[in-house]
Every structure is written in C-alpha cells, then in structure tokens.
Number of protein chains: 2
Amino acid sequence: MAKSEKEMGMLRDHLAKHQLKLTRQRELILDAFLKQEHITAEEMYHQLAKKDPHLGLATIYRTLNLFCEAGLAQARHFGTQTQYDNISHKGHHDHLICTGCGKIVEFENCEIEKLQEEVATRNGFTITTHRLELYGLCSRCRH
Amino acid sequence: MAKSEKEMGMLRDHLAKHQLKLTRQRELILDAFLKQEHITAEEMYHQLAKKDPHLGLATIYRTLNLFCEAGLAQARHFGTQTQYDNISHKGHHDHLICTGCGKIVEFENCEIEKLQEEVATRNGFTITTHRLELYGLCSRCRH
DNA sequence: ACCTTCTTGAGACGATTTATCAATTTCAAT
DNA sequence: ATTGAAATTGATAAATCGTCTCAAGAAGGT
C-alpha cells in the first residue's frame, strides 16, 4: 500500500470533495485494483473472497464506479462484461485477431498512437485510453 | 430497396454459402439498417413496429448478428447496449467516445488505416475489418 | 405441390449490473 | 472518548440486455 500514495491521494481528494467516507472496503479494493491493468467486478470479487469473505459484490461494483468518478479507473464494455481499466498503467497493447483460428497477436505502434492523438485534438477530445483490434486471417488460415 | 443492390448481394452470398434463407423479415431489417449509420436492436424494434407490429425483438437481434457475420455490420458495445454499425453503406468509420457524456464522434483516417495494413502484413495477416475506439473526454466534459 | 430445413415469434431464461433497505461504520463535533 | 448525523455495507430483489427454446410457419430445391 505504501507505493500507491498518489492514487490513495486522488481517492481521498475525491471523497473529501463529495462528503464521502474512506472505509476499510474501499482501501482493500483500491489496493487490489492498483495491482491490475484491468479487471472485472466478478474477478475482483473472487480475488478478495480470501481476504474478506463477506465483501459483497455490490460493494465492489459501487467502489469500482467510484474509482471511475475519482479518475483512477475507466470502465470499458467488452463482450458482455465491464472491464475496469487501471488508468495509471499505460501499457497499450493492441490486437491482431485471426477470425479463422482465434490466434491473437499483440502489437504496439507509436505512429498510430500519434495519429490518434491528432484526431482527438482536432475534435477537442483528450484521450485517456483506446482500443484497436484488427480482424482478419493469419497466414495459415488464408489457405 | 433498389439502391442497396451491393449490400443485398453480400447478404445473398452469405446466405447461399451457409444454407440460410432470404426471408421477408431479413429484407425488411436490411432495408431499415442500411438507412442508418448505427443503431441498437431496441431502436430498430421501435422503428419497424409500424411496418410490422409482429416482428419480434429476438428476430432483430438474430438478424443484426447475421449482418455482422455477412460483413455488413459490426457490433460495438457502448454503455449498456450494443450498437450495430453499418460498415458497408458509408464506409468504415471509427469512433471518438466521450466517457463523460457519451457523445460519439465518427471519423475516418486513411493514414491510420495504412499503418494498420502495415502491421498486419508484417505479421502475416490479411485484415478483413477492424475496430478502433478512442475513449476520453470531450471539450465540454473536461471542464 | 411436396418435403426437408430454416426461420419466426413469444416468452422463458441467463448473465450482468443496479436499487433497496435495515444494520453498521465513519468522522466531525462535542 | 462519546455522541449522533450521514454515509456505507451486505444480502437480496429487481432491472436490463441479449440469447435460447420450441411449436408453428415459411422458404426453396426437386
């Protein structure tokens, strides 16, 4: 917990600004959240079941949504679930996905990211995160 | 319906390849879909209620998913709902999404697409489609 | 027209997330 | 340290969204 001073500070700030309280559960969930790049409420529920078997799923949802409002997390809907991304992690990995065999290749491309920034700026946006997925056939599946 | 020959052709192709049938409902839904840039199943359900009050919501979901498989549409999860984007009528467009107010700005960027092709080629992939979403705050929500 | 197969519509169902509410905890003011 | 108003929690009910089920109907090849 010692190394997450910055994030804990952001949370405290947000709580103070909104007359909210710092609870044992919120500290526990923040602690676990900061160790992840992204996580679902359900995953966190299972992870924390060991440390606090009585921690409710609703509390986790409420807290992760609170983190979003405090600027620590960002919700992203993927498939049927909601992923909560840790904003302090910046390792963007995009994906090449083969629709034939399901193979996934991760890549990073600074030039693309730069162009994304340009598009965003041109439209008055400030990007916090992005998602890029390329679908196609890998060399083996192309026949 | 006369102006959507290309899309109707793509649908016929897909149906033929998979032993599926062309039904009145599928024609009706395609017709309505091609007039939109993106739409949810629920929105389409209400739109088509006038033309066919007995058209079921499940049929709309099934048909929009079929369009995705036929390469006419692309599903995108935003908020709690699924948006079905029309990718064959107006060309592919990517999205800038404000996480504050939900505003969506569509854009197209040839340079980004060219770089995507390069990444794909470098990895032996042939891209058939892609999805690019930039999440952030619009000028108004940034305060 | 026949016959097989696919599709539809209606509602049941499943998964995910939010709302409800009594009991508990926080925290600032005593 | 104690008090007490206000926020939070946990358990569960409820809402939301999308898929599944299945009997009845439609499509399309022969």
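In what follows, every heavy atom counts, from backbone to side chain, and hydrogens, waters and symmetry copies are set aside. All chains are named by letter (A, B, ...) in the order of the sequence lines, taking the proteins before the strands, and each is independently numbered beginning at 1.
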Measure up the B:Tyr84 and B:Tyr61 rings against each other and bin them: parallel (under 30°), tilted (30 to 60°), perpendicular (over 60°).
perpendicular
Touch check for [X], heavy atoms < 4.0 angstrom, all strands: base, sugar-phosphate only, or nothing?
{"X": "B:Arg26", "result": "sugar-phosphate"}
{"X": "A:Gln19", "result": "sugar-phosphate"}
{"X": "A:Thr40", "result": "nothing"}
{"X": "B:Leu57", "result": "nothing"}
{"X": "B:Gln81", "result": "sugar-phosphate"}

Nearest whole Å is fine: how far is [N] [atom2] from [X] [atom1]?
{"X": "B:Leu28", "N": "C:dT8", "atom1": "CG", "atom2": "C1'", "answer": "13 Å"}
{"X": "B:His18", "N": "D:dG28", "atom1": "NE2", "atom2": "C1'", "answer": "18 Å"}
{"X": "A:Arg24", "N": "D:dT9", "atom1": "CZ", "atom2": "P", "answer": "9 Å"}
{"X": "B:Tyr45", "N": "D:dC17", "atom1": "OH", "atom2": "P", "answer": "14 Å"}
{"X": "A:Phe67", "N": "D:dT8", "atom1": "CZ", "atom2": "P", "answer": "13 Å"}
{"X": "A:Leu55", "N": "D:dA11", "atom1": "CG", "atom2": "P", "answer": "9 Å"}
{"X": "A:Glu27", "N": "D:dT8", "atom1": "CD", "atom2": "P", "answer": "14 Å"}
{"X": "A:Glu69", "N": "D:dT8", "atom1": "CD", "atom2": "C1'", "answer": "15 Å"}

If you go through the side-chain atoms of B:Arg62, does one of them form a donor-acceptor pair with the base of C:dG9 closer than 3.5 Å?
yes
With a 4.0 Å limit, can you tell me whether [X] has a side-chain N or O closer than that to the phosphate oxygens OP1/OP2 of [N]?
{"X": "A:Tyr61", "N": "C:dT18", "result": "no"}
{"X": "A:Thr23", "N": "D:dT9", "result": "yes"}
{"X": "B:Asn65", "N": "D:dT19", "result": "yes"}
{"X": "B:Thr59", "N": "C:dG9", "result": "yes"}
{"X": "B:His54", "N": "C:dA10", "result": "yes"}

The side chain of A:Leu20 is closest to which nucleotide in this list: D:dC20, D:dA11, D:dT8?
D:dT8
From C:dT20, C:dA10, D:dG28, nucleotide with atom closest to B:Lys21 side chain:
D:dG28
Rounded to the nearest 0.5 Å, how far does [atom2] of [Y] lie from [atom1] of [X]?
{"X": "A:Ile127", "Y": "B:Leu137", "atom1": "CD1", "atom2": "CG", "answer": "11.0 Å"}
{"X": "A:Leu134", "Y": "B:His130", "atom1": "CG", "atom2": "NE2", "answer": "7.5 Å"}
{"X": "B:Asp94", "Y": "B:Arg131", "atom1": "CG", "atom2": "CZ", "answer": "10.5 Å"}

So with a 6.0 Å cut-off around CZ of B:Arg142, is the heavy-atom count from everything else above 12?
yes
When you group the ILVMFWY residues by side-chain heavy-atom contacts below 4.5 Å and let the links chain together, are A:Phe107 and B:Leu132 in the same group?
yes
Report the residue (B:Gln25 or A:Gly56) whose heavy-atom-nearest nucleotide on DNA chain D is the more 5′ of the two.
A:Gly56
